Amino acid sequence: MSAIKTITVIGTGNVSFHLVKAFLNGGLKVVQVVARTDASAERFSRSFNVPVISSAPTLLAETDLYILAVNDDKIKEAARALNLKGQLVVHTSGAVPMEHLSGTSSNTGVFYPLQTLTYGDDVDFKKIPVCIEANDKENYERLEKIARKITSSVYDVDSDRRKILHLAAVFASNFSYHMFTIASALLQSVKVDPDILNPLILETARKAVHHQPGSAQTGPATRKDIEVMKKHLELLQDNEMYADIYRLLSESILKHKKKD
Ligand SMILES: NC(=O)c1ccc[n+]([C@@H]2O[C@H](COP(=O)([O-])OP(=O)(O)OC[C@H]3O[C@@H](n4cnc5c(N)ncnc54)[C@H](OP(=O)(O)O)[C@@H]3O)[C@@H](O)[C@H]2O)c1
């Protein structure tokens with residue numbers, strides 16, 4: 001089977017923005033991007049010099065690869081709408097099994113960038129792990145070849161392992177981010193600039209990367225400082241949800257500590 005020379009990206013959101021940028025920087029040919037609405041098409045056209053169409057998929061030019069960078073629950077619908085005749089189609093989700101694409105083409109795969117991506121942000125795509133899966137070895141190699149043009153980090157991850165990888169990513173990124181949001185809200189409630197936490201947040205991430213998991217954990221739960229924890233819970237008495245989160249996370253830290 002031939003190398004991937006031409007690409008269509010469906011969707012004009014966060015992942016589409018970063019993939020299209022990386023493909024263009026990597027010398028790959030994005031023939032067209034498919035938008036759902038005229039407004040999304042217009043916004044995307046302002047960022048890239050590629051044709052963005054917001055009309056029926058029957059108007060698509062034929063390409064070697066179709067990338068569905070659409071909401072998880074729209075993957076099947078968007079794939080069906082392409083009316084493919086065996087061309088390679090992939091989605092970019094961490095949580096959706098590859099088999100969701102079966103029945104839409106005989107050549108299917110997954111092209112999952114393991115990073116939190118926001119439209120318009122400046123990221124170094126070369127450092128982002130791309131997790132690939134394909135219905136056969138040949139398609140895997142085709143996808144791997146284009147992945148290596150945009151990143152130095154390519155992983156072979158099947159749907160079962162990707163499910164767990166996505167779950168781990170939710171803990172590492174989404175939940176951590178939510179903790180920063182809660183911390184910021186607490187500081188705002190006493191009129192302290194949340195930016196005061198920035199050095200702490202950056203150092204926490206640095207430690208998470210440079211130390212063994214769990215080994216650099218500090219704080220009252222690790223020290224089993226029950227009095228401080230009680231006082232913290234008193235301060236959270238008007239916010240049941242924050243108090244529950246505090247209790248659960250402290251218990252989890254204590255349990256991990258016992259295992260060490
Ligand atoms: N963002 C991340 O950090 C990240 C990282 C890795 C993987 N992913 C995965 O990548 C996929 C896309 O995520 P995202 O963050 O880019 O989402 P997003 O920013 O919400 O973008 C989704 C895009 O899909 C379009 N769309 C929805 N239904 C469609 C349909 N039926 N046909 C054509 N286009 C359709 C939306 O159109 P409108 O603009 O009109 O709404 C939007 O442009 C998801 O599977 C997600 O799990 C996301």
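Values reported hereafter were calculated over all heavy atoms of this structure, with side chains retained and with hydrogens, waters and symmetry mates removed. These numbers come from a predicted model, not from an experiment. Counting starts at 1 for both ligands and their atoms, in listed order.
Side chains of Ser105 and Thr108: a donor-acceptor N/O pair is absent below 3.5 angstrom, by distance only. Between the side chains of Thr6 and Asp64, at least one donor N or O sits under 3.5 Å from an acceptor N or O. Under the 3.5 Å distance criterion, with hydrogens and angles disregarded, a donor-acceptor pair is assigned to the side chains of Ser159 and Arg162.
Nearest protein heavy-atom contact of atom 6 (C) of ligand 1 is Pro113 O, 3.2 Å. Nearest non-hydrogen protein atom to atom 13 (O) of ligand 1 is Val15 CG2, 3.9 Å. Looking only at protein heavy atoms, the nearest one to atom 46 (C) of ligand 1 is Asp72 OD1, 3.5 Å. Of the protein's non-hydrogen atoms, Val70 CG1, 3.6 Å is the one closest to atom 34 (N) of ligand 1. The protein heavy-atom contact nearest to atom 15 (O) of ligand 1 is Asn14 ND2, 3.0 Å. Among protein heavy atoms, the minimum distance from atom 9 (C) of ligand 1 is reached at Thr92 O, 3.3 Å. The protein heavy-atom contact nearest to atom 21 (O) of ligand 1 is Gly13 CA, 3.4 Å. Shortest contact from atom 37 (O) of ligand 1 to any protein heavy atom: Arg36 NE, 3.4 Å.
Counting atoms of ligand 1 from 1 in the listed order, those under 4.0 Å from a heavy atom of Ile10 are 33 (C). Heavy-atom contacts of Leu117 reach the following atoms of ligand 1: 1 (N), 2 (C), 3 (O) (cutoff under 4.0 Å). Distances below 4.0 Å separate heavy atoms of Glu77 from the following atoms of ligand 1: 31 (N).
Considering both main-chain and side-chain atoms, Gly11 never comes within under 3.5 Å of ligand 1 through any nitrogen or oxygen pair. Checked by distance only, ligand 1 and Thr12 come closer than 3.5 Å through their nitrogen or oxygen atoms.
Lys231 has no carboxylate O lying under 4.0 Å from a charged side-chain N of Glu227, or vice versa, which leaves the two without a salt bridge. Classification of Asp122 and Lys21 as a salt-bridged pair holds, one side-chain N sitting under 4.0 Å from a carboxylate O. Between Arg206 and Glu203 there is a salt bridge, since a side-chain N of the basic residue sits under 4.0 Å from a carboxylate O of the acidic one.
Proximity of Tyr119 to ligand 1, defined as any heavy-atom pair under 4.0 Å, is not found for any part of the residue. Using a 4.0 Å cut-off between heavy atoms, Ser40 contacts ligand 1 through its side chain alone, with no backbone atom that close.
Checked options Val70, Asp72, Asn71, Val15; the residue passing with Ser93 is Asp72 (criterion: side-chain contact (heavy atoms from CB on, under 4.5 Å)).
Within the structure, the closest approach of Gly94 to ligand 1 does not fall below 4.0 Å when heavy atoms are considered. Ligand 1 has at least one atom lying under 4.0 Å from a heavy atom of Thr116. Residue contact check for ligand 1: His91 places no non-hydrogen atom closer than 4.0 Å to it.
Of all heavy-atom pairs spanning Asp193 and Leu187, the tightest one is O-CD1, 4.4 Å. Here the closest non-hydrogen pair linking Gly109 and Leu88 is N-CD1, 4.4 Å.
Looking at Cys131, Ala78, Ala69, it is Ala78 that brings a heavy atom closest to atom 32 (N) of ligand 1.
The cationic atom of Arg161 (NZ for Lys, CZ for Arg) does not lie both less than 6.0 Å from the six-membered ring centre of Tyr155 and within 45° of the ring axis.
No donor-acceptor pair closer than 3.5 Å links the side chain of Ser252 to the backbone N or O of Leu248. A distance-only check finds no donor-acceptor pair linking the side chain of Asp121 to the backbone of Val123 [under 3.5 Å].
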